[in-house]
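To keep things clear, I will list the structure first and then write my remarks on it.
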Amino acid sequence: MHIVYFVVPCFNEEEALSETNRRLLIKLGQLVDSGRADEKSRILYVDDGSRDRTWDIIMGFHSECASVCGLKLAHNAGHQNALLAGLMTAREYADCAISLDADLQDDIEVIDEFIDQYNRGCEVVYGVRNKRETDTFFKRVTAQGFYKVMKHLGVDIIYNHADYRLMGKSALDALRDYKEVNLFLRGIVPLIGYKSGIVYYNRSERQAGESKYPFKKMISFALDGITSFSVKPLRIISNLGILISFLSIIGILYALISYLAGVAVPGWTAIVASIWLLGGIQLLCIGVVGGYIGKIYSEVKSRPRYNIEEFID
Ligand code: UDP
Ligand code: MG
C-alpha cells in the first residue's frame with residue numbers, strides 16, 4: 001500500500017484551517033480504510049511565513065493527531081515555493097504526494113480517483129476544473145485568456161489545471177532537478193514527462209478567509225509564467241524589426257519619388273528616410289541581442305535536459 005502525503009501550503013489561513021483539517025482527516029481515514037493509503041500517510045501543512053496564528057494551529061493539530069505534520073518556512077516565500085518545500089519534504093517519506101490549497105476549493109472527493117490512476121501507473125495525475133461558475137466573470141475571462149496565451153506562446157500547460165495534482169516519487173525526484181528560481185510548477189510538471197492522467201472536478205467557493213492572490217499577485221504570477229517558459233516575446237521583437245526594415249524601403253522609395261517629382265520640402269526626404277531605416281534597424285538589432293539573452297536565460301536556468309523513466313539492465 002502507498003504512503004500518501006497531502007501537501008497543503010498555508011499563508012494566513014487561521015480561519016480556514018480547522019474545517020480543512022477536519023475534512024482532510026476524514027478523507028485520509030477513508031483512504032486508509034479502503035486500502036488506498038498506508039497508515040503512515042500524513043497531512044503535511046506548510047506554513048508559508050504566516051503572520052497570524054496559522055503555525056500555532058498546525059502545532060495544535062499535530063499534538064492531537066499523529067497523522068498531521070507541519071513545516072514552517074522562515075519567511076513568506078510565496079505559494080509556489082511553499083508548495084515545492086512541502087513536496088520535497090514529502091518526497092523523503094511518501095510514495096506519492098497530493099498538493100491542494102488550504103481553502104479546500106478543490107473537491108477532495110476525487111482524491112480516490114487520483115490514487116486509483118496512480119495505481120494504474122500514472123506518475124502524475126492532474127486535477128482539472130470542469131466549469132468556472134464559482135469564479136467572477138472577470139477571473140474567468142482573465143484566467144482562460146491566460147491559458148490560451150500560454151498555449152499560443154508554445155508553453156505546454158494543462159488547460160484549467162492549477163496546482164491540485166498527485167505526483168509519484170519518480171516525478172518528485174525529477175522535479176528536484178529543476179533548479180529554477182522563478183518557479184511556475186504547472187509549467188514544469190508537464191515537462192517532466194512520465195505517464196499522466198486527468199481527473200475532472202468542480203471547484204467550489206473558498207470556505208473561509210479570503211483569497212491570498214490579489215489582482216496584482218495574479219498578474220505578476222501570469223507574467224512570470226510566460227517569461228519563465230517562453231522566449232517568443234523576444235522573437236516577436238526581431239520579427240517586428242524585420243517588418244519595419246522592409247516597410248522602411250517602401251517609405252524611402254516614396255520619399256525619393258516625392259523628391260524627384262519636386263513635391264517634397266527640401267530636407268524632408270533625408271529626415272523621413274533615416275527615421276524609417278534607423279527605426280527598423282534598431283528594432284532588428286534589439287531582436288538579435290534579445291536572441292542571445294534568450295539563450296543565456298535558458299542556460300542559466302540549467303534545467304535537466306531529460307528525465308529517465310526506466311532503465312533495464
Ligand atoms: N498561499 C501561500 N503563500 C502565499 C499565498 C498563498 O502558501 O504567499 C497559499 C494559500 O494559503 C492557499 C493557496 O496558496 O492554500 C492558494 O491561495 P488562494 O486560495 O488564496 O488563491 P486563489 O484560490 O484565490 O487563487
Ligand atoms: Mg483558493
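Indexing begins at 1, ligand by ligand and atom by atom, following the structure's order.
- If you check which protein heavy atom lies closest to atom 17 (O) of ligand 1, you get Tyr213 CD1, 3.9 Å.
- Closest non-hydrogen pair, Ile115 versus Arg36, comes out as CG2-O, 3.7 Å.
- Contacts of Lys217 with ligand 1, taken as heavy-atom pairs under 4.0 Å, involve the side chain alone.
- If you check which protein heavy atom lies closest to atom 14 (O) of ligand 1, you get His79 CD2, 3.1 Å.
- For atom 6 (C) of ligand 1, the closest heavy atom belonging to the protein is Lys212 CB, 3.6 Å.
- Heavy-atom contacts of Asp48 reach the following atoms of ligand 1: 2 (C), 3 (N), 4 (C), 7 (O), 8 (O) (cutoff under 4.0 Å).
- Residue contact check: Pro9 has heavy atoms under 4.0 Å from atoms 7 (O), 9 (C), 10 (C), 11 (O), 12 (C), 15 (O) of ligand 1.
- Between the side chains of Gln30 and Asp112, no donor-acceptor pair is found at a separation under 3.5 Å.
- Between Phe138 and Phe215, the angle of the ring planes lies from 30° to 60°, which puts this pair in the tilted group.
- Residue contact check: Gln105 has heavy atoms under 4.0 Å from atoms 19 (O), 23 (O) of ligand 1.
- Within 6.0 Å of NZ on Lys40 lie no more than 12 heavy atoms contributed by other residues, nucleotides or ligands.
- The closest side-chain heavy-atom distance from Leu28 to Ser67 is below 4.5 Å.
- Residue contacts with ligand 1: Ala82 is placed with no nitrogen or oxygen under 3.5 Å of a nitrogen or oxygen of the ligand (distance criterion only).
- Side-chain contact between Arg186 and Phe184 is present, with heavy atoms from C-beta onward closer than 4.5 Å.
- A donor-acceptor pair is defined here as one N or O able to donate and one able to accept, closer than 3.5 Å; no such pair exists between the side chain of Tyr45 and the backbone of Phe61.
- Evaluated by nearest non-hydrogen atom to atom 8 (O) of ligand 1, the leading choice among Asn76, Asp101, Leu83, Asn12 is Asn76.
- Between Glu13 and ligand 1, at least one pair of N/O atoms sits closer than 3.5 Å.
- Residue contacts with ligand 1, taken as heavy atom pairs separated by less than 4.0 Å, involve Arg203 solely via side-chain atoms from C-beta onward.
- Nearest heavy-atom pair across Lys212 and Phe11 is CE-O, 2.9 Å.
- In this structure, atom 19 (O) of ligand 1 lies nearest to the protein heavy atom Asp103 OD2, 2.6 Å.
- Between Phe114 and Tyr164, the ring planes are tilted. Angles from 30° to 60° get that label.
- Backbone or side-chain N, O or S atoms of Gln105 reach the Mg ion (ligand 2) at under 2.8 Å.
- Looking at atom 25 (O) of ligand 1, its nearest protein heavy atom turns out to be Lys139 NZ, 3.5 Å.
- Ranking the protein heavy atoms by distance from atom 22 (P) of ligand 1 puts Ser211 OG, 3.8 Å first.
- Among all protein heavy atoms, the one lying closest to atom 18 (P) of ligand 1 is Arg206 NH2, 3.4 Å.
- Checked by distance only, ligand 1 and Phe11 come closer than 3.5 Å through their nitrogen or oxygen atoms.
- Between Leu153 and Ser230, the shortest heavy-atom distance links the atoms O-OG, 3.2 Å.
- Using a 4.5 Å heavy-atom threshold, the side chains of Gln80 and Phe221 count as touching.
- Nearest N/O/S atom of Asp103 relative to the Mg ion (ligand 2): this is OD2.
- Within the 2.8 Å limit, Asp101 places no N, O or S atom next to the Mg ion (ligand 2).
- Shown here for Glu13 and Thr54, the closest heavy-atom pair between the two residues is N-OG1, 3.0 Å.
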